[in-house]
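Here the structure is laid out as structure tokens; the discussion comes afterwards.
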Number of protein chains: 2
Amino acid sequence: MRSLRNLISKHSGSDKKLINAIKNIFGFYPRNLAPYKLALRHRSVAQAFPDGKKINNERLEFLGDAILGSVVAEYLFKKFPIKDEGFLTEIRSRIVSRSNLNNLSRKLGLNQLIKTHFNGNKSATSIPGDAFEAFVGAIYLDKGYEFTREIIINKIITLHIDIEELISTELNFKSKLIEWGQKNKKEINFNLAEEKETNNKLKIYIVEAEIDNKVFGTGKDYTIKKAEQIAAKMAWEKLTNNNRNDQKTEI
Amino acid sequence: MRSLRNLISKHSGSDKKLINAIKNIFGFYPRNLAPYKLALRHRSVAQAFPDGKKINNERLEFLGDAILGSVVAEYLFKKFPIKDEGFLTEIRSRIVSRSNLNNLSRKLGLNQLIKTHFNGNKSATSIPGDAFEAFVGAIYLDKGYEFTREIIINKIITLHIDIEELISTELNFKSKLIEWGQKNKKEINFNLAEEKETNNKLKIYIVEAEIDNKVFGTGKDYTIKKAEQIAAKMAWEKLTNNNRNDQKTEI
């Protein structure tokens, strides 16, 4: 208790606020505050160094993303002992999706602690989720793998993630794509490009997903409905992948 | 020593061979042999179960891929304290690339232990690298994170991966793209789309990478050369991403 009082008393006001926030959100006291402060530092407030490197949370985000990915992988591996790797991969990607991590960051109140000079609504960006990942990296550096694993499972997954709901939310890429088209004034079409028969007399359908009459995705399956979903998923991934690349090339 | 003799003596011939191989390759004795046996079981020999699930190494590959990713992430994070996350991401993806893991699996001799009914040269497939990842998953289940981390760093990275060489192999996306164009009879062009000046009088160049007169990538940087690389990388990622999606939709 004395050492805890020392820990808090030797810190500045904003440090104390951060220490208390970590205790409130995650239930522990940090040993070393530096990585947590860095985790909350968006590149918009980073100081430029002579060699052009910047001090911001992006390296920690890289680390935290990996640690979070492996904790969630093991959690799902053990929770679903007879599900195949396709299922595990899909559910993990829903748990660690940017939108889910953004929500989490807001729910936990981490969002409010982020230091950023970003002008605009940061909730509409990936800033909250990135900071959440960076925070996981900070916990790992401060406390090690086992501790971080317990925090992620007991304070994040168990309390804030409804896995059954994530599973049952079937991702309907066709409606996502159509909705996106309406919002962005693009024409979305699905065409049956081909219909063929396999050796064992089953029909196979090939469907194309078009955006403004340009093919963005192709799907092949035994039902038109599934082929459409596959085509829509491919088109959706192209769209979201392009957006991500666009962001990366910004200086 | 007695318990070790017991461990070996109670196992069948092929189990003993596996125990000895693990000791020779990684320097430790397994506690529980089951996950290692599963890690070496390619889906081509898997037994079908009534519910359609199969017993093969794919779930363990999912787990091992995640554990390996996080150990390598931390290793690089600490080894390169001033490199940015773009560098860390790139070097990690080179370390865990399928071709690198395939090589590793062969170098370690893990390749020869894989049980598969695959007809043909398995070295030309991802089977060796997949089994390597599954093996990492098995070590984790048997021995925990810290132990697995030490094995990956001391027995794999330090002994078998030449990180300096991986770094110096500069990925030249412009030449990759031009080479691809020649092979596939596509016209590749790089256009300077825009040239502007920042507030502090630095020039910024925006370059587009075109395939058959269609823009596939855009790059922005302080030199034309770097902007071209960024544009070429984006175009390259679009190409390879499309190919990956095509494969997925094949029945």
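A note on names: the letters A, B, ... follow the listed sequences, proteins ahead of strands, and every chain is numbered from 1. Because the structure is predicted, anything quoted here is derived from the model rather than measured.
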**Message:** With a 4.5 Å cut-off on side-chain heavy atoms, are B:Y75 and B:I95 touching?
**Reply:** no
**Message:** Heavy-atom cut-off 4.5 Å, strictly under: side chain, backbone, both or neither for A:E61 against chain B?
**Reply:** neither
**Request:** Measure distances from A:Y140 to the heavy atoms of chain B and classify the residue's part below 4.5 Å as side chain, backbone, both or neither.
**Result:** side chain
**Request:** Go through the structure and list residues passing side chain to side chain donor-acceptor pair (under 3.5 Å) with A:D142, not counting sequence neighbours.
**Result:** A:Y36
**Prompt:** Who passes side chain to side chain donor-acceptor pair (under 3.5 Å) against A:K203, sequence neighbours left out?
**Reply:** A:E195
**Asked** Is the closest side-chain heavy-atom distance between A:Y145 and B:I67 below 4.5 Å?
**Response** yes
**Prompt:** Which answer fits A:L141, side chain, backbone, both or neither, if we ask what part of it has an atom under 4.5 Å from a heavy atom of chain B?
**Reply:** side chain
